[in-house]
Protein chains: 2
Amino acid sequence: MTDHSHPAGFCCPDHSGAAQARAILAQAEAHAQAGGLRLTPVRRRTLEILLEAHGALGAYEVLERLAAEGYGAQPPVAYRALNFLVEHGLAHRVRRLNAFTACVHPTQEHRAAFLICDRCESVTEASVESLTRAMTEAAGAVGFKLERSTIEGVGLCSVCAGEAA
Amino acid sequence: MTDHSHPAGFCCPDHSGAAQARAILAQAEAHAQAGGLRLTPVRRRTLEILLEAHGALGAYEVLERLAAEGYGAQPPVAYRALNFLVEHGLAHRVRRLNAFTACVHPTQEHRAAFLICDRCESVTEASVESLTRAMTEAAGAVGFKLERSTIEGVGLCSVCAGEAA
DNA sequence: TATCTAATGTTATATCATAACAGTCAAGAG
DNA sequence: CTCTTGACTGTTATGATATAACATTAGATA
Ligand SMILES: [Zn+2]
Ligand SMILES: [Zn+2]
Ligand SMILES: [Zn+2]
Ligand SMILES: [Zn+2]
């Protein structure tokens with residue numbers, strides 16, 4: 001799906017590299033342990049698959065890999081694992097892409113935003129506490145009680161912006 | 001789909017009421033005229049359908065209505081009209097709902113945000129110039145050139161928040 | 001062990017969206 | 001005026017995303 005001719009470490013700075021992926025997986029496991037979550041084999045493997053990927057993966061892309069490794073081969077297998085990860089903050093859903101991506105700091109309670117490159121489809125998770133605060137306030141001003149939000153930006157990542165110039 | 005037991009004017013303050021809808025439609029027509037856009041019968045009717053609706057409508061809901069009125073009965077008919085409206089700023093796509101909603105101020109160039117009620121599914125368009133600016137800056141700080149963004153909040157609208165209490 | 005619950009797996013189907021191509025129509029060129 | 005052209009509308013067919021419903025299995029509990 002994605003091409004990834006980018007120098008490693010640029011297009012998705014936060015979770016590129018096997019070492020980073022391992023570190024994040026370890027964090028996620030600790031987090032699950034602490035919270036009494038059951039990070040079963042499919043779920044754990046699904047998280048690994050997301051971590052191994054650059055950019056975000058569609059549910060069916062995850063499913064392909066799971067099926068190839070002997071897990072169930074039907075959509076609910078992937079959707080259930082992905083939804084579990086999202087519900088417990090170990091992954092995020094990227095609505096614009098109908099795709100999922102591993103959270104880069106699963107232990108912190110946070111609201112995430114994403115920067116999606118139009119050209120290379122890289123997805124970068126950004127922290128947006130201030131944006132979320134502003135949004136909560138603005139919503140509150142019209143009587144709306146904000147609970148969750150989707151904040152996704154589309155444009156050119158630094159690498160692609162450079163190439164385009 | 002939506003229930004709408006809300007007092008008119010509350011759940012979707014900006015385009016509720018036939019008078020409001022007519023006013024917005026007139027604006028949209030003027031805007032199209034000025035920009036040399038062809039607001040053909042299907043497109044115009046599609047916009048009306050969105051304006052008549054409370055909340056956002058899925059493409060197939062729009063299609064049903066169009067088909068019932070003698071327009072084409074196949075998905076591309078609805079998607080083409082909807083995409084036209086979105087491209088020209090007369091409507092917006094609400095990603096979280098896989099749905100579309102008429103723009104409440106089609107003549108102004110703007111970035112929109114939406115507040116979506118979890119309970120009654122009302123959708124309120126909000127202006128977010130300051131949020132967008134903040135986001136563009138934050139993105140720029142990591143070298144990302146932001147072009148478009150999706151900002152959608154989910155929670156309880158003022159009416160539903162009141163009822164829940 | 002017997003029982004209960006959460007998790008996994010399956011089949012089937014719902015929902016959302018687009019590709020590809022044929023017919024229509026109005027504006028501009030000759 | 002007629003021909004060409006390009007935008008628009010329509011169709012069939014298919015692709016892509018997501019969930020409902022139910023059978024089976026594996027862990028925890030009593
Ligand atoms: Zn995260
Ligand atoms: Zn890029
Ligand atoms: Zn708008
Ligand atoms: Zn509501």
Side-chain angles (χ1 to χ4, degrees), chain A residues 1-2 32-33 35-47 49-50 53 55-88 90-101 121 150 152, chain B residues 1-2 32-33 35-47 49-50 53 55-88 90-101 116 121 123 150 152:
Chain A
M1 185 188 181
T2 314
Q33 194 77 16
L37 309 180
R38 291 184 52 191
L39 195 56
T40 61
V42 219
R43 292 171 176 171
R44 192 200 143 100
R45 184 65 194 125
T46 299
L47 180 54
I49 288 170
L50 292 181
L57 291 181
Y60 282 72
E61 292 177 293
V62 170
L63 180 59
E64 255 180 57
R65 290 163 175 73
L66 288 174
E69 297 174 23
Y71 294 102
Q74 304 307 319
V77 170
Y79 281 102
R80 281 197 289 238
L82 289 165
N83 287 332
F84 172 90
L85 296 174
V86 169
E87 270 160 31
H88 296 95
L90 303 179
H92 298 286
R93 185 171 203 145
V94 183
R95 313 231 53 130
R96 179 165 298 253
L97 303 177
N98 292 323
F100 300 82
T101 188
E121 300 189 70
T150 298
E152 296 175 1
Chain B
M1 186 191 182
T2 314
Q33 195 76 16
L37 309 180
R38 293 184 50 189
L39 196 56
T40 60
V42 219
R43 292 170 176 172
R44 192 199 142 100
R45 185 63 193 124
T46 299
L47 180 54
I49 288 169
L50 292 181
L57 291 182
Y60 281 72
E61 291 177 293
V62 170
L63 180 59
E64 254 181 56
R65 290 163 174 72
L66 288 174
E69 296 174 23
Y71 294 101
Q74 304 307 320
V77 170
Y79 280 102
R80 281 196 290 237
L82 290 166
N83 287 333
F84 171 90
L85 296 174
V86 170
E87 271 161 29
H88 296 94
L90 303 177
H92 298 286
R93 184 170 202 145
V94 183
R95 312 224 63 124
R96 181 167 295 254
L97 302 176
N98 291 324
F100 300 82
T101 189
I116 303 163
E121 299 190 70
V123 173
T150 299
E152 296 175 0

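Naming convention: chains lettered A, B, ... in sequence-line order (proteins, then strands); numbering from 1 in each chain.
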Taking only the side-chain nitrogens and oxygens of R43(A), find out if one of them lies under 4.0 Å from OP1 or OP2 of dA6(C).
no
Which of these nucleotides, dA17(C), dC8(D), dG10(D), is closest to any side-chain atom of R93(B)?
dA17(C)
Got a sec, which residues hit side-chain hydrogen bond (donor to acceptor under 3.5 Å, both in side chains) with E69(A), two or more places apart in sequence or on another chain?
R45(A)
Please evaluate the base of dA19(C) for a donor-acceptor partner in the side chain of Y79(B) within a cut-off of under 3.5 Å?
no
Report the distance from atom CG of L39(A) to atom P of dA7(C), rounded to the nearest whole Å.
11 Å
Y60(B) (side chain) and dA14(C) (base): donor-acceptor pair under 3.5 Å:
no
Listed in order of residue number, which residues of residues 64-72 of chain B have a non-hydrogen atom at under 4.0 Å from DNA chain C?
none
With heavy atoms under 4.0 Å as the rule, sort R95(B) into base, sugar-phosphate or nothing.
nothing
Closest listed nucleotide, where the reference is the side chain of V77(A) and the choices are dG9(C), dT19(D), dC8(D):
dG9(C)
Just to verify, what does F84(B) make a ring pair (Phe, Tyr, Trp, His ring centres under 6.0 Å) with, not counting sequence neighbours?
H88(B)
I need the T46(B) OG1 to N83(B) CG distance, nearest 0.5 Å.
11.0 Å
What does the B/S/- profile of nucleotides 21-30 of chain D look like, 5' to 3', with a 4.0 Å heavy-atom cutoff to protein?
----------
5' priority, DNA chain C, between Q74(A) and N98(B) [closest heavy atom]
Q74(A)
Closest non-hydrogen contact found for I49(B) with R65(B) is CG2-CD, 3.4 Å
Answer with yes or no whether the side chains of R95(A) and T150(A) bring together a donor and an acceptor at under 3.5 Å.
no
Side chain to side chain, L82(A) and L50(A), heavy atoms closer than 4.5 Å:
yes
Counting only side-chain N and O atoms of R96(B), is one of them less than 4.0 Å from OP1 or OP2 of dC16(C)?
no
Output the rounded distance in Å from CD (E61(A)) to C1' (dT17(D)).
12 Å
Considering residues at least two apart in sequence or located in another chain, which fulfil the side-chain hydrogen bond (donor to acceptor under 3.5 Å, both in side chains) criterion with R93(A)?
none
Take the protein atom CG of N83(A) and the nucleotide atom C1' of dA20(D), then report the distance between them rounded to whole Å.
14 Å
In this structure, how many angstroms lie between the C1' atom of dA6(C) and the CD atom of E87(A), rounded?
14 Å
Rounded to the Å, how far apart are L82(A) CG and dA7(C) P?
15 Å
To the nearest 0.5 Å, what is the distance between CG on L85(A) and CZ on R44(A)?
12.0 Å
Enumerate, atom names and distances included, each donor-acceptor pair closer than 3.5 Å involving a side-chain atom of residues 72-81 of chain B, sequence neighbours excluded.
none

